[in-house]
Amino acid sequence: MSALQRLQKLSEVQCVLLAAQYATESNVAALRALTALREAELPLALVLRVLLTFLPEGAEPTAYVEYLAELATGARHAGDDPAAHLDVAAVEALSKSQAKRRRKEMELLPLVHPQYDGEELALDPFSQFLMHRAHRIDAQTGLLDIVPQLLVPFLSRSEYLRRWFISTVLPLLRLSYEYYPQGNPQSLDEYARLRGRRGLDFNLANLRAARKAGADTANAARDLRGVVSPWLCGANDRKRRKLSGENRRASVAEQCAQESTDWDSLFQWLLHTSKEDLPLVTAAISEWDGPEDMDLGGFEEGRDYVDEDTQRRLELQYAQTALACLYLVEGSDVSALQTAHALLTRICNLLHCDPPPHLSIGVESLPSYDLEIPILQDATSSSIQEDRLLASDNDITKPGQDTLRIIELVLFSACVLISLQHPVSPRTMAKMSLRDDYAEQSSLLQKVLYTLSTGPKKDGDQWRSIRAKLLWLWNWGTDTHDNDRVGQGILGMLEKTTIETAILKSLIEGSHFPLAVQVYVKPAFGEQPLLQSDVEKVILAAALYHYDNASNGNRNRGGMKRCTEIVAAFAPHFPKSSRFQRIQALLSATHAMSFYSLILQHGVPFQPVSIRVSTDPLSLIQKLLSQNPGSYTKLDDLISIGQNLVVSMPSTIMDDTKDVGPLDATTVENKKTAAEHRVIGMAIDAALEEGDFETAYSYVVNRLTPTVSPSPAVSTSSQRFSFDSNASVQPTDDADNVAWRAALRAGRFKPALSSSGTWLHASTARPDLRRLEQRMELLSQALLLAPPPQLEEVLDVWQQCEAEMTELLALESEAEQRFNDAADRKLPGAFDTGSLPTVQPRREVGRGAVEESPMGLFDVARGAAAAFSKTAFPLRSNTTSSRPESRDTGRVSMDLSDSDSMYGHEERVRKRDMLANTATGALQSGLGWMLGK
């Protein structure tokens, strides 16, 4: 019996068992003959299941593709000599029961792979077989590269099979065998399950890993074009599979609302990656044209897998993603700015807009804010949060000419700040522009100028450029701005005067005085950055800053030197400024004080700021005198210091509420006179503290002269007094108050004498009498100047001195009497000079006064009453009291001796008479004050 006859006798079950036997042996020719001759018993689905289950996955597809093609078309062919290939011995001996049992034990694989739902997808059995066979080949052998031999001949049979091959097999093949053959392989089963962000991460994981290993960005666009784009072609099919396989009860609309598409995942991946690797994203976007740029290996055969409307929408999303990446640029170096600029240029090309200018342009060519729609007015910093950047309603990142101009201004702002040596990232710039935080912008301005001022020295041209750049950052080259801003730029919340003031301060700190004068003090016609009053305040504030921080008062050192330089540079341009005059006086006083040793409380050394914080700077001279022995002898220097301190009024130089205005000559002179008297008073006290009565006496007599007033003498309790031509008392200023107190203190002082108080040789003067006379002379001057309420105090001291004088004169008279008596008892020619008492020669009272007897207080009072009766009751007497000559108001030279200063008058007034007149005039005035006359 022939093989064909024997085949015809086999049952249906035996035919299936025989087909499985041939498939297991990879005997395609026998299987081909069997399925052709017994087609009724072996339908297509059954044959495909047998092949899927028993045909070895390692078999070359080329060996059975032709056979599969016959099965697919239904045109089965037994071959030229089928009997030669058929061998039915293995199954024909089986009984029916044995054959059924073995068939029952045979488990045939379903045509549909578990990852695909054939019913939902409505695929034909042959396509289901091919897809399942491809999975089996990869799973069992890992030979994914032979899968195309199986699938490509049949792609035209099913569009779904074509999309599946392009979106699943092709990307995995390129990743595993072409692009990254050394990478970690992924099975087809695992790859087919990827979707969304996980799928994007896997497709681009090798690219990221290569970048971390130091590779360049050349493969970025290739991977997007050859891996990601094909994979995205199956996005809809993967979504349908997920919907049908994982949640059959949920509608398609609901699932789409819950999950973004794979394209959205790609855009999110680009945005997120730009934060970590901007060059990679920039290279990818620069070389990849987006959704229309797909490398499908030619397997698409002219088909479009993205419709026109979808492609247009995806292109806008792609451009928005690229634009959004610029708002996440955290790099602040030049390289990051150049990369961002390249990305911006690429976006402009994609949207067919004018490209941005080059980053190296001059400040005069920087872009300007010329938007017709105020996009930034309603935008907030939340608009550039990462989760909001790709929102379809985000006006900041919506592709368009205006949004491109905004990010262009942001990038150039960052570029300008880099040129100003203060790198700031574009993201920070964008946040500042949207936050409108005054404090933040002010801090940025101060940091920029501080860096420039403390860095390498810059010339005038560089500072002109710096000023222009800061003003551009303030207004972005436009006069139009949002309602709540002063300027439109990133410094737009600040006043322009604030920026100009800060620049002026930096110019002063950098010693660019000529440029500061040219721009701010004497600006060109039509340009006035700051008011002259504001410029003056800024200059003086800068000078006083160095003054207050100086550790030494010498104008040739440290902060004082800087302060002096600033004042000297600008003072000629403010000739009528009282503040400049005052600060110059302050500098002179501080410099002079630096030559003295001065320690303040708690052991703190004197610093210039001590003058500024003192409410009474003259009090520092008193401390200076107490800490520098003998310094009271430098009176002229101390007076100069005191006058400068008073004129400068240091604590109020910058106080607008206490601005004294221009200082006229009379006011200045009055202040100097008052300061002079006060300093002299301090010097007198210092001299007395050190026991130098002679110097104190000289200062009172020669330097504290009473003022002369020709007006009549009628006084009140609130006035000071001075001599007039009638020897009456006249009102004057506080200088006389200092004078009379100093005279009183000196009159009270009892200097220690070198002699013991016994009478010396006849040729020796009596120093005790001389000192007492000097004290009474000082007290007489105190009487001239003291106000009426203080006369009693002065007269008390006078009375004490008078008592001392009376006692000393009595002793002197007694000594002279004893001498005369002794002389009378001696015979002529027999004098014993050794036993004779010493004879006091003619006394010198005050300065050249003659011998006189003391005058008592009651005599002084009687003379005062007589003088008072002549003025208070003029009708009782027709005579006019004689008027003693008034004291010369000019200073008496300190070179004159105390004994000779009063000589030179032919008719001298006796010292006692002058003292009596002094007391009489004072008492007369005092009585008149008490009587209210």
How about Gln186 and Ser176: do any of their side-chain heavy atoms sit closer than 4.5 Å?
no
Here the pair of heavy atoms bringing Ser413 nearest to Trp472 is OG-CZ3, 3.6 Å
Is the shortest distance from a Lys or Arg side-chain nitrogen in Arg197 or Asp201 to a carboxylate oxygen in the other one below 4.0 Å?
yes
Just checking, is any N or O donor in the side chain of Arg464 or Gln518 under 3.5 Å from an acceptor N or O on the other one? yes
For Leu207 and Tyr180, the nearest pair of non-hydrogen atoms, with its separation, is CA-OH, 3.6 Å
- Side-chain touch Leu271/Glu386, heavy atoms, less than 4.5 angstrom: yes
Scanning both residues in full, the closest heavy-atom pair of Cys325 with Leu270 reads SG-O, 3.8 Å
For the residue pair Gln488 and Leu376, establish whether any side-chain heavy-atom pair is separated by less than 4.5 Å.
yes
Check: Asp304 side chain, Val306 main-chain N or O, donor-acceptor pair, under 3.5 Å
no
Notebook entry, point to check: Any side-chain heavy-atom pair from Val448 and Leu417 closer than 4.5 angstrom?
Noted result: yes
In terms of heavy-atom contacts, Gln441 and Gly492 come closest through OE1-N, 3.2 Å
Check: Ser511 and Arg562 side chains under 4.5 Å, non-hydrogen atoms: yes
Taking the side chain from Thr217 and the backbone from Ala220, do they hold a donor-acceptor pair closer than 3.5 Å? no
Check against salt bridge (charged side-chain N to carboxylate O under 4.0 Å, His left out), Asp295 and Arg174
CA-CA 11 Å; Asp295 180 9; Arg174 285 174 170 170; 3.4 Å; yes
Is there side-chain contact between Asn475 and Tyr369, with at least one heavy-atom pair below 4.5 Å?
-> no
Using 4.0 Å as the upper bound for N to carboxylate O, is an ion pair formed by Glu276 and Arg208? yes
Between Asp402 and Arg405, does the salt bridge (charged side-chain N to carboxylate O under 4.0 Å, His left out) criterion hold? Intermediate values first, please.
CA-CA 5 Å; Asp402 290 347; Arg405 178 51 56 89; over 6 Å; no
Counting only N and O atoms by type, is there a donor-acceptor contact under 3.5 Å from the side chain of Thr345 to the main-chain atoms of His341?
-> yes
Does the structure place the NZ or CZ of Arg195 under 6.0 Å from the centre of the six-membered ring of Phe202, at an angle of no more than 45° from the ring's axis? no
*Show your working on salt bridge (charged side-chain N to carboxylate O under 4.0 Å, His left out) between Lys275 and Glu330 and close with a plain yes or no.*
CA-CA 7 Å; Lys275 295 170 55 179; Glu330 295 285 1; over 6 Å; no
Looking only at heavy atoms, the pair that brings Leu224 and Ser229 closest together is O-OG, 2.7 Å
**Asked** With side chains defined as the heavy atoms from C-beta onward, is the minimum distance between Asp437 and Met432 less than 4.5 Å?
**Response** no
Practice prompt. Give a yes or no on whether the ring-centroid distance for Trp263 and Tyr318 is below 6.0 angstrom.
Written response: no
**Q.** Plane angle bin for Phe165 and Phe299 - parallel if under 30°, tilted between 30 and 60°, otherwise perpendicular
**A.** perpendicular
Between Glu500 and Tyr520, do the side chains contain a donor N or O and an acceptor N or O under 3.5 Å apart? yes
His546 side chain reached by Glu509 side chain, heavy atoms, under 4.5 Å: yes
Answer yes when Arg346 and Asp289 have at least one side-chain N-carboxylate O distance shorter than 4.0 Å, and no when they do not.
-> yes
Would you confirm whether Ser453, through its side chain, and Tyr450, through its main-chain N or O, come within 3.5 Å as a donor-acceptor pair?
no
Here the gap from Lys447 atom NZ to Gln421 atom CD, rounded to the nearest 0.5 Å, amounts to 16.0 Å
Those residues at least two apart in sequence (or on a different chain) that pass side chain to side chain contact (heavy atoms under 4.5 Å, CB included) with Val521 are Val517, Gln532, Val535, Ile539, Phe570, His573, Phe574
* Asked: Do the charged groups of Glu440 and Lys431 touch, with an N to O distance under 4.0 Å?
  -> no
